[in-house]
> 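Before anything else, here's the structure in question.
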Number of protein chains: 2
Amino acid sequence: MGKRDTEQALGADGPVQFSVDRSSPVPLYFQLSQQLEAAIEHGKLAPGSLLGNEIELAGRLGLSRPTVRQAIQSLVDKGLLVRRRGIGTQVVHSQVKRPLELSSLYDDLEAAGQKPATRVLLNTTTEADAEVAAALGIAEGAEVALVERLRLAHGEPVAHLRNHLPAGLIELKTAELEETGLYRLMRSAGITLHSARQAVGARAATVEEGERLDEPEGAPLLTMQRTTFDDTGRAVEFGSHVYRASRYAFEFQLLVRP
Amino acid sequence: MGKRDTEQALGADGPVQFSVDRSSPVPLYFQLSQQLEAAIEHGKLAPGSLLGNEIELAGRLGLSRPTVRQAIQSLVDKGLLVRRRGIGTQVVHSQVKRPLELSSLYDDLEAAGQKPATRVLLNTTTEADAEVAAALGIAEGAEVALVERLRLAHGEPVAHLRNHLPAGLIELKTAELEETGLYRLMRSAGITLHSARQAVGARAATVEEGERLDEPEGAPLLTMQRTTFDDTGRAVEFGSHVYRASRYAFEFQLLVRP
DNA sequence: CGGTCCGTCTTGTCCGGACAATGTGACCTC
DNA sequence: GAGGTCACATTGTCCGGACAAGACGGACCG
C-alpha cells in the first residue's frame, strides 16, 4: 500500500529481524540499540539504508515508540545514525571509528601488540606547587601523590610520565604500577573517569631528557599535559608527560555538538 | 512536609526561578536547558547543589516530567549535571570547560587576539594519491581540490597547512581563503561538520620546512593529520599540517562515554 | 551498642496517544 | 514543459500516567 518506494533496510532474505527479551533486566531500549549497533557493525544494515519508520518498527517489536526512539537516539549520539524529518533514519555512509576512549598509553601500546613495561622511578607524596594546585583545583601546598614512571615498549623507552593525584584518592602500590596502567588502577578503585582536558605540544629534548629516553639532545619530543575529571567533576589526576616523537603519536576523535 | 532536609538550589532570595514561553517556536525542553545552563554558568546554581526533584520542577513550570527530563538529560550529556538515583540531580563540582569545538586554527588564533593572516600558496585540483584516497574514502586517482596555505600571526609564520577536499564539494576562492578559515567557509556552504579523526605527532624540521616557517633545520615541529566528516558520515576534508612547536600547542577536551 | 529491616524519596524505564514541523513527490495549472 | 501547490510520510515535541530500581535514613531487634 506504500505510495512511495523506499530503499529499505533489507538483507538477502527480507528485513533484518530484531527481538527483545522482556524478562531480561537489561532495559528494552538498550537491547534494541545493541542489536542495531551490531547489525550496522556487521554490515547487515548497509550505509545509507533507511531504518524503516519508528512507528512500524515499534509495532513489529511490540514496543512503544518512545522506547524505540530512545534506542535510535543513543546511536544517533554515537554518530552511527542520522535522522531526517520527513525522510527517515539512515545509517551513516562511512564506517565510524568508535569515539575513542580516554587514551591510556598502556592500553594503546598493548593494543598495538607492543608489550608495554613500566619502570617506577618515584612513588611518593609531595606538596602541590602552583601549577599542580591550579590543575587539580586544590590549595597550593596541599599534599598530593606523585608518581614518575618510564614506559617501555620492547625494552626501549617510549615516554616519561609524571602524575600528580589528590591525597587520599587512591593508594598506589609500586608493584601494581609496574604491571598495569594508572587509569586501570583508578577504575578498579571505583573512580569513574569522565572527561579530560589536554594540551599537546612539542619541544627539543634537553640533555637529561635525552638520557632518560635514549634520544640525542635536541631531538623532537611530544609533550602532553592532561587533567582528568571523574563523573562528579572532581579533578582526579594531573599528568605531565613526554614522549619520544620517533616512537609515538596521538590518535583521537573529536565530536562536534552543534 | 518533607521528611528530609536537602541541600537545595537556593539563591539569596529563594529558589532560582525558571520560566518557559509556550508561544515561542523554541522547544520547551530547549528553553529550559538553556536557562539551566546559564544559571550554572553564572554560578546561580552552585556546584554540588541539588536541582530539586523532576516531578516538582515539572509542576512548578507547568511542564510534564518527560519534557523536564529531556532538558536535564541534554545537560547531563554535556557533563554539566550528574544524576543519582535516589539522591537527585546535582551540578558537577568543577567548572567544565565547553566540549571544545572542532579546533580551527584560524578561530583559535583569533580568540587568542593574535590577528591571524593567511597566505595561499596553492589552490588547484589534483589526483588523489593512495594516502588521500584512503583518508577521504574515494578512488585513487580521483580528482580532489588541493589547498596549501601559510598561516601567520602578527606577521610571523605559525603553520603550514595542506588540505585535500573531494571534488565538487565546495568552490574555494583564494580571496576568501585569505580572509577566513576553511571550516567557516565549509559551514557557510551548508556543510555541517560532525566529527574528525586526528593524529598528532612531532618531528624535526627539514631544511625546506625551516625556510617556510622561519625555523632552523632540526627544530621541533608539531604535525597533525586530520580527516573531517559531516553529519552523514562523508569525509569532507583531509588535512596534513605542520606547526611551529615554539608558537602553537593543541588544547582539547576528551569525553568518555561509558 | 550494632546490625538488619523497612519505608520513603528520587531517578530509571516504559507505555499510549496527540499534534506540529518538514522534506518529498505527485499533481495541477498556466 | 515549467512552475507552483498540495497531500503524504516521517520525525520532532509534548503530555499524563504507571511501576521498578536504587539509595538513604530511621526504627526496630538482638
Side-chain angles (χ1 to χ4, degrees), chain A residues 1-9 20-34 36 49-77 81-91 190 192 231-232 258, chain B residues 1-9 20-34 36 49-77 81-91 190 192 231-232 258:
Chain A
M1 299 308 170
K3 292 270 179 71
R4 194 195 300 178
D5 284 75
T6 50
E7 178 189 6
Q8 283 289 349
V20 292
D21 174 10
R22 300 196 88 96
S23 67
S24 162
V26 178
L28 302 178
Y29 77 90
F30 193 74
Q31 292 184 36
L32 177 55
S33 75
Q34 281 198 318
L36 284 169
S49 64
L50 289 172
L51 211 59
N53 78 60
E54 299 168 347
I55 298 176
E56 188 224 351
L57 184 57
R60 196 139 47 85
L61 288 168
L63 297 174
S64 71
R65 189 178 164 219
T67 303
V68 172
R69 278 183 65 81
Q70 193 173 359
I72 292 177
Q73 188 58 48
S74 71
L75 297 183
V76 172
D77 291 340
L81 297 176
V82 191
R83 320 181 86 135
R84 295 195 182 283
R85 196 186 307 205
I87 310 292
T89 304
Q90 48 184 315
V91 183
T192 54
D231 56 358
T232 69
Chain B
M1 300 314 160
K3 291 270 179 68
R4 193 195 301 178
D5 284 73
T6 51
E7 178 190 3
Q8 283 289 349
V20 292
D21 174 11
R22 299 196 87 97
S23 67
S24 162
V26 179
L28 301 178
Y29 77 89
F30 192 74
Q31 293 185 36
L32 177 55
S33 75
Q34 281 199 317
L36 284 169
S49 65
L50 290 171
L51 211 59
N53 78 58
E54 298 168 348
I55 298 176
E56 188 224 352
L57 184 57
R60 196 138 47 85
L61 288 168
L63 298 174
S64 71
R65 188 179 165 219
T67 303
V68 172
R69 277 182 67 80
Q70 194 173 0
I72 291 177
Q73 189 58 47
S74 70
L75 297 184
V76 172
D77 291 340
L81 297 175
V82 190
R83 318 180 90 135
R84 294 193 183 286
R85 192 186 310 206
I87 311 290
T89 304
Q90 48 185 316
V91 182
T192 54
D231 57 357
T232 69

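Quick caveat, the model's predicted, so the values are computed rather than measured. Letters go in sequence order (proteins before strands), and every chain restarts at 1.
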> When the distance from CG of L81(A) to C1' of dT11(D) is rounded to whole Å, what number comes out?
13 Å
> Using whole Å, report how far CZ of R84(A) lies from C1' of dC8(D).
20 Å
> For the helix from dC1(C)-dG30(D) to dC30(C)-dG1(D), what is the angle between the axes at its two ends, each from 5 pairs, rounded to 10°?
0°
> If you round to the nearest 0.5 Å, how far is OG1 of T89(A) from CG of N53(A)?
9.0 Å
> Got a sec, which residues hit side chain to side chain contact (heavy atoms under 4.5 Å, CB included) with L75(A), two or more places apart in sequence or on another chain?
S33(A), L36(A), E37(A), K78(A), L80(A), L81(A)
> What integer distance in Å separates F30(A):CZ from dC14(C):C1'?
17 Å
> Please answer whether the main-chain N or O of D21(A) pairs with a side-chain N or O of S24(A) as donor and acceptor at a distance below 3.5 Å.
no
> Among residues 66-73 of chain B, which contact DNA chain D at a heavy-atom distance under 4.0 Å?
P66(B), T67(B)
> What is the distance, to the nearest angstrom, from the CG atom on L61(A) to the P atom on dG16(C)?
13 Å
> Measuring from atom CD1 of I55(A) to atom OG of S64(A), what distance do you get when rounded to the nearest 0.5 angstrom?
11.5 Å
> To the nearest Å, give me how far apart CD1 (I55(A)) and C1' (dA18(C)) are.
11 Å
> From CG of L57(B) over to P of dC9(C), roughly how many Å is that when rounded to an integer?
18 Å
> How long is the span from the OG1 atom in T67(A) to the CG atom in L32(A), to the nearest 0.5 Å?
9.0 Å
> Identify the two heavy atoms, one from V20(A) and one from Q31(A), that lie closest to each other, and give their separation to 0.1 Å.
CA-OE1, 3.4 Å
> Whole angstroms only, please: what is the CZ-P distance between R22(B) and dC19(C)?
15 Å
> With sequence neighbours left out, write down each residue that passes side chain to side chain contact (heavy atoms under 4.5 Å, CB included) with R69(A), or none if nothing qualifies.
E54(A), R65(A), R83(A)
> Taking side chain to side chain contact (heavy atoms under 4.5 Å, CB included) as the definition, give me every residue that meets it alongside R84(B), ordered by chain and number, with sequence neighbours left out.
D231(A), T232(A), V82(B), I87(B), Q90(B)
> Nearest 0.5 Å please: distance from the CG atom of L28(B) over to the CG atom of L61(B).
10.0 Å
> Please give, in whole Å, the distance from dA23(D) C1' to R83(B) CZ?
16 Å
> Given dT13(D), dT11(D), dT10(C), identify the nucleotide with an atom nearest to the side chain of T89(A).
dT11(D)
> Any side-chain N or O of Y29(B) below 4.0 angstrom from OP1/OP2 of dT13(D)?
yes
> N53(B) side chain: which of dC15(C), dT10(C), dT11(D) is closest?
dT10(C)
> Under 3.5 Å between N/O atoms: give me all the protein pairs with nucleotides 19-22 of chain D, atom names plus distance.
residue	atom	partner	partner atom	Å
dA21(D)	O4'	R85(B)	NH1	3.1

